[in-house]
Amino acid sequence: MTRWWRPELGLAAVVLVLGVLVVAGTLDVSAAASQLGLGPRFFPMLVGGAMVVIGVFYVADVLRGGRADPEESEDVDVDAPTDWRSVGLVSGIFLAFAALLNVLGWIIGASLLFFGLSVALGAAHKGRAALIAVVVGVATYALFVWGLGVSLPGGPLEGLI
């Protein structure tokens, strides 16, 4: 390997490539010609474009020798081992969400995702976490389906919503 390669450059390249993929994938999204408002392409293009810009600046910074500051927070123990149990739980919850989204629908699936993540990451009040998860699941469904016109799976609630 050459001297210019560092792990930071790998992360910068990943951000840049993901941004390009998001923008390229969004170009295939079709919207009705009579649709008023932002439409289903706006936010993916905004996020993808921001990722491309950030990725370009990040790559340039790393190639010019930029380095991140070491962690100095008072509540972070840099010598502590990785909590692999939490990593596994969060990964499993995301995989289950992805696998069951079309079966459960967005509202139920996202509510279970948000609740599961909050419990896996140490939520003290599980009842409150469940209530907030349902509110966020319904709110995101309403925002995307009714606000942006994006189709999300309804699952068993298809006829009710």
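Along the sequence shown, residues carry numbers from 1. Since the structure is predicted, the reported quantities are computational estimates derived from the model, not experimental observations.
Taken to the nearest 0.5 Å, the NZ atom of K126 stands 15.5 Å off from the CG atom of L131.
V53 and L21 sit in two unconnected hydrophobic clusters of ILVMFWY residues. Membership requires side-chain heavy atoms under 4.5 Å apart, directly or through other members. Linking ILVMFWY residues whenever their side-chain heavy atoms come closer than 4.5 Å, directly or via other members, places W146 and F144 in the same cluster. Taking hydrophobic clusters as Ile, Leu, Val, Met, Phe, Trp and Tyr residues chained together by side-chain heavy-atom distances below 4.5 Å, I93 shares a cluster with L121.
In terms of heavy-atom proximity, T26 sits nearest to P44 at OG1-CB, 3.2 Å. Between L16 and V59, the closest heavy-atom pair is CD2-CG2, 4.4 Å. Of all heavy-atom pairs spanning M51 and L18, the tightest one is CE-CB, 3.4 Å.
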Donor-acceptor list for residues 149-156 side chains, cut-off 3.5 Å, not counting sequence neighbours:
none

Return all side-chain donor-acceptor pairs below 3.5 angstrom for residues 97-117, not counting sequence neighbours, or 'none' if the list is empty.
residue: W106; atom: NE1; partner: T140; partner atom: OG1; Å: 2.9
residue: S111; atom: OG; partner: I107; partner atom: O; Å: 2.6

Just distance, no hydrogens or angles: give the donor-acceptor pairs under 3.5 Å from side chains in residues 84-91, sequence neighbours left out.
residue: S86; atom: OG; partner: D83; partner atom: OD2; Å: 2.6
residue: S91; atom: OG; partner: V87; partner atom: O; Å: 2.8

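Scanning for ring-ring contact (aromatic ring centres under 6.0 Å, His included) contacts around Y58 gives an empty result, with sequence neighbours left out. Listed by chain and residue number, L38, L46 satisfy the side-chain contact (heavy atoms from CB on, under 4.5 Å) test with F42 (two or more places apart in sequence, or in another chain). Checked against side-chain contact (heavy atoms from CB on, under 4.5 Å), A123 has the following partners two or more places apart in sequence or in another chain: S118, A129.
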Practice task
Take E8 and D61, measure what side chain to side chain contact (heavy atoms under 4.5 Å, CB included) needs, and give me the verdict at the end.
Solution key: CA-CA 10 Å; E8 294 96 341; D61 180 55; over 6 Å; no
